[in-house]
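So you know, we letter chains A, B, ... as the sequences are listed, proteins then strands, and number each from 1. Just so it is clear, the values below take in all heavy atoms, side chains as well, and ignore hydrogens, waters and symmetry mates.
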There are 2 protein chains.
Amino acid sequence: MIEEPKGQAMQLDGRLSRMMHLLIHMDRANGPITSGEAAEMLHTNPVVIRRTMAGLRDVGFVRSIKGHAGGWTLLKPLESISMLDVYKAVGQPRIFAIGLADPAPDCLVEQAVNASMTSALEKAEALLIAQLGEVTLAAIAKDFDRRFSASCASSP
Amino acid sequence: MIEEPKGQAMQLDGRLSRMMHLLIHMDRANGPITSGEAAEMLHTNPVVIRRTMAGLRDVGFVRSIKGHAGGWTLLKPLESISMLDVYKAVGQPRIFAIGLADPAPDCLVEQAVNASMTSALEKAEALLIAQLGEVTLAAIAKDFDRRFSASCASSP
DNA sequence: CATATATGTAACTTCAGACATTACATATGA
DNA sequence: TCATATGTAATGTCTGAAGTTACATATATG
């Protein structure tokens, strides 16, 4: 009998997921969104927002304005931003939680093991990157619209 | 300019990699290998060996014998053990370090984001699992033999 | 210009999980 | 009996995302 992996929410890197979520909200907003407002949407802290958004600002996806009536503004259309773009903008977080015990071992057996592991991981990573590159935030926003219509239809 | 991911060795789950390494050594060994000997091979601690090998014992890949002349013995041929088998035996560790900020959000935008993220991750995971299932430890051992011959040829 | 409002950052703290280590119980062959 | 192994609980270590506090800086508005 093999144990199932733990089903609870553990310490995953949620930066990609969070920033996609926020960018779509920003696209829907009229004016700038403050870090405080964004933090409420994402159920987190304003500092976490600024910290993570910094990467998106550096690549020109958003702009930040200080002071009264300041906040964050989307600069590019969602059509031009892929999931992969966001992944890169948040610093290309490590993808896998599993990996090699020693990346450069003396033992030839371990070198052979590493070669097989690396090959498998690289193929999976390449597919993931390809998938992220194929989906734009606009496509996700469109999917949201579909879900929104569906939810309205079911609540009379 | 996008930052490269950190290149250092951080806390990856190395159980799959370690156990594959050890199983191949056990196949090459004459008698049982003690936890202490195994720990030296893997540059770790005997307790870590026992803890991780427990899963392999539970599925019948190895046997452990206590006391004098005891230790660990491989029970199945490497041909019959795939990387995936070992992955399952060590408890199917979590594969990804990235993931959803909230797996069950109220926000429909976030639900759409989650759907896209999950789709991409699931495809990558499926490919990884397929890759792990295609390679037996025997194939890795054979690759080791190739490397061993090559290393002998280059040292006169 | 003073002030409320925002962002920008540094400096913690918290948290989870693999791995490391110690300690001791238990089993077993010489 | 006793040295040798495994079995396992308990505890410490380490890493990085996320959370939090504190304060500096910038900027509309009265």
Between the side chains of B:Trp72 and B:Thr34, does any donor sit under 3.5 Å from an acceptor? no
For [X] and [N], is the shortest distance between a side-chain N/O and OP1 or OP2 below 4.0 Å?
X       : N      : answer
A:Arg57 : C:dG8  : yes
B:Thr44 : C:dA20 : yes
A:Arg15 : D:dA17 : yes
A:Ser64 : C:dT7  : no

Rounded interatomic separation in angstrom, taking CG from A:Asp58 and C1' from C:dT9: 14 Å
Take the protein atom CZ of A:Phe96 and the nucleotide atom C1' of C:dG17, then report the distance between them rounded to whole Å. 19 Å
How would nucleotides 25-30 of chain C be written as a contact map, 5' to 3', with B for base contact, S for sugar-phosphate-only contact and - for no contact, using protein heavy atoms under 4.0 Å? --BBB-
Which part of the nucleic acid, if any, lies within contact of B:Arg18, taking any heavy atom under 4.0 Å across all strands shown: a base, the sugar-phosphate backbone alone, or nothing? sugar-phosphate
Of A:Asp13 and A:Arg50, whose nearest nucleotide on DNA chain D comes first from the 5' end? A:Asp13
Does B:Asp13 have any salt bridge (charged side-chain N to carboxylate O under 4.0 Å, His left out) partners at least two apart in sequence or in another chain, and if so, which? B:Arg15
From B:Ile81 atom CD1 to B:Phe61 atom CZ, the distance as rounded to the nearest 0.5 Å: 5.0 Å
Do the side chain of A:Arg51 and the base of D:dG19 come within less than 3.5 angstrom through a donor-acceptor pair of N or O atoms? yes
Under 4.5 Å between any side-chain heavy atoms of A:Ser82 and A:Val135, yes or no? no
